Trainee: 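Questions regarding the structure given below will be posed in turn.
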Amino acid sequence: QVQLVESGGGLVQAGGSLRLSCVASGQTFSDSIMAWFRQAPGKEREFVAAVRRSDSSTCYADSVKGRFTISRDTAKPTAYLQMNSLKLEDTAVYYCATRPQYMYFVRLPSVADFTSWGQGTQVTVSS
């Protein structure tokens, strides 16, 4: 079982930046995928970005391309989400997720693809 702990959320003005971190503990795998999802009030949880641990390949939702960057620490099971040029619509609870199996990024990952989740961290963008 993998435990995930997110940090780095907060309140930021539109146009600002935040960096989220996700630390994994427990059993991790070299082919694992780490991802970020978000959920705004009254909306379904949606995919944001993912990184493949084996080769650091990434994929992004169209809504965050060019503004967000997902990365991983090669020395420890940690993923980051650098969020720049934040917009009001980026306001949500951001969740870290992971799965042990390899995944080709031929489609955007979905909630059902992941087996472990963090507790979430709130990101609020103000005008």
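When reading the values below, keep in mind they use all heavy atoms of this one structure, side chains included, and skip hydrogens, waters and symmetry mates. Please read all numbers here as calculations on a predicted model, not as lab measurements.
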Trainee: Can you measure from OG1 (T58) to CE (M34) and round to the nearest 0.5 angstrom?
Mentor: 14.5 Å

Trainee: Excluding sequence neighbours, so at least two apart, what forms ring-ring contact (aromatic ring centres under 6.0 Å, His included) with Y94?
Mentor: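 Testing Y94 for ring-ring contact (aromatic ring centres under 6.0 Å, His included), a comparison that skips the adjacent residues, returns none.
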
Trainee: Please enumerate all residues that pass side-chain contact (heavy atoms from CB on, under 4.5 Å) together with V12, with sequence neighbours excluded.
Mentor: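 side-chain contact (heavy atoms from CB on, under 4.5 Å) check on V12 returns L18, L86, V125.
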
Trainee: Quick check for you: to the nearest 0.5 Å, what is the distance between M103 atom CE and R52 atom CZ?
Mentor: 10.0 Å

Trainee: Testing the basics here: between S127 and L88, what is the closest heavy-atom pair and its distance to 0.1 Å?
Mentor: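 Looking at all heavy atoms of both residues, the closest pair is N-CD2, 3.6 Å.
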
Trainee: Tell me, which pairs form a disulfide bond (SG atoms under 2.5 Å apart) where one or both residues lie in residues 74-110, sequence neighbours left out?
Mentor: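 Qualifying pairs: C22-C96.
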
Trainee: To the nearest 0.5 Å, how far apart are CG in L11 and OG in S126?
Mentor: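 Here the rounded value is 4.5 Å.
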
Trainee: With sequence neighbours left out, write down each residue that passes side chain to side chain donor-acceptor pair (under 3.5 Å) with S21, or none if nothing qualifies.
Mentor: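 Once residues adjacent in sequence are excluded, S21 has no partner under the side chain to side chain donor-acceptor pair (under 3.5 Å) criterion.
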
Trainee: State which residues pass side-chain contact (heavy atoms from CB on, under 4.5 Å) with A97; sequence neighbours excluded, sorted by chain then number.
Mentor: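 Counting only residues at least two positions away or on another chain, A97 forms a side-chain contact (heavy atoms from CB on, under 4.5 Å) with F37, F114, W117.
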
Trainee: Can you run down the salt bridge (charged side-chain N to carboxylate O under 4.0 Å, His left out) pairs that involve residues 41-50, sequence neighbours left out, and say none if there aren't any?
Mentor: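 Listed once each, the pairs are R38-E46.
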
Trainee: Can you hop from V2 to V5 via hydrophobic side chains spaced under 4.5 Å?
Mentor: no

Trainee: In chain order, what residues pass the ring-ring contact (aromatic ring centres under 6.0 Å, His included) check against Y102, with sequence neighbours excluded?
Mentor: Y104

Trainee: In terms of side-chain heavy atoms, does E89 have a donor or acceptor partner in T91 at a distance below 3.5 Å?
Mentor: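 No, T91 and E89 have no side-chain donor paired with an acceptor closer than 3.5 Å.
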
Trainee: May I ask whether V123 and Y95 are part of the same hydrophobic cluster, defined by side-chain heavy atoms of I, L, V, M, F, W, Y residues being less than 4.5 angstrom apart, directly or through others?
Mentor: no

Trainee: Is there a side-chain hydrogen bond (donor to acceptor under 3.5 Å, both in side chains) between S56 and R72? Walk through the geometry before answering.
Mentor: CA-CA 7 Å; S56 296; R72 64 175 186 88; 3.0 Å; yes

Trainee: Applying salt bridge (charged side-chain N to carboxylate O under 4.0 Å, His left out), name anything that partners R67, two or more places apart in sequence or on another chain.
Mentor: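 Testing R67 for salt bridge (charged side-chain N to carboxylate O under 4.0 Å, His left out), a comparison that skips the adjacent residues, returns D90.
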
Trainee: Show your working on side chain to side chain contact (heavy atoms under 4.5 Å, CB included) between V51 and R53 and close with a plain yes or no.
Mentor: CA-CA 6 Å; V51 60; R53 188 179 176 190; over 6 Å; no

Trainee: Is the closest side-chain heavy-atom distance between S17 and Q82 below 4.5 Å?
Mentor: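 In contact.
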
Trainee: How would you list, by chain and number, every residue that makes a ring-ring contact (aromatic ring centres under 6.0 Å, His included) with Y80, sequence neighbours excluded?
Mentor: none

Trainee: For residues V48 and L81, determine if any side-chain heavy atom of one lies less than 4.5 Å from a side-chain heavy atom of the other.
Mentor: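 They are in contact (side-chain heavy atoms under 4.5 Å apart), so the answer is yes.
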
Trainee: Sorted by first residue and then second, give each ring-ring contact (aromatic ring centres under 6.0 Å, His included) pair with at least one member in residues 52-72; sequence neighbours left out.
Mentor: none

Trainee: Using 0.5 Å steps for rounding, measure from the CG atom of L20 to the CE atom of M83.
Mentor: 4.0 Å

Trainee: List the steps and the verdict of side chain to side chain contact (heavy atoms under 4.5 Å, CB included) for V93 and T121.
Mentor: CA-CA 5 Å; V93 177; T121 184; over 6 Å; no

Trainee: Can you tell me which residue pairs pass the disulfide bond (SG atoms under 2.5 Å apart) test with a partner in residues 27-87, sequence neighbours excluded?
Mentor: none

Trainee: Please identify each residue that fulfils salt bridge (charged side-chain N to carboxylate O under 4.0 Å, His left out) with K87, with sequence neighbours left out.
Mentor: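 Per chain and number, K87 pairs via salt bridge (charged side-chain N to carboxylate O under 4.0 Å, His left out) with no residue.
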
Trainee: Using a strict cut-off of less than 4.0 Å between a Lys/Arg side-chain nitrogen and an Asp/Glu carboxylate oxygen, indicate whether R107 and D113 qualify as a salt bridge.
Mentor: yes

Trainee: Can you tell me how far the CD atom of Q3 sits from the OG1 atom of T98, to the nearest 0.5 Å?
Mentor: 11.5 Å

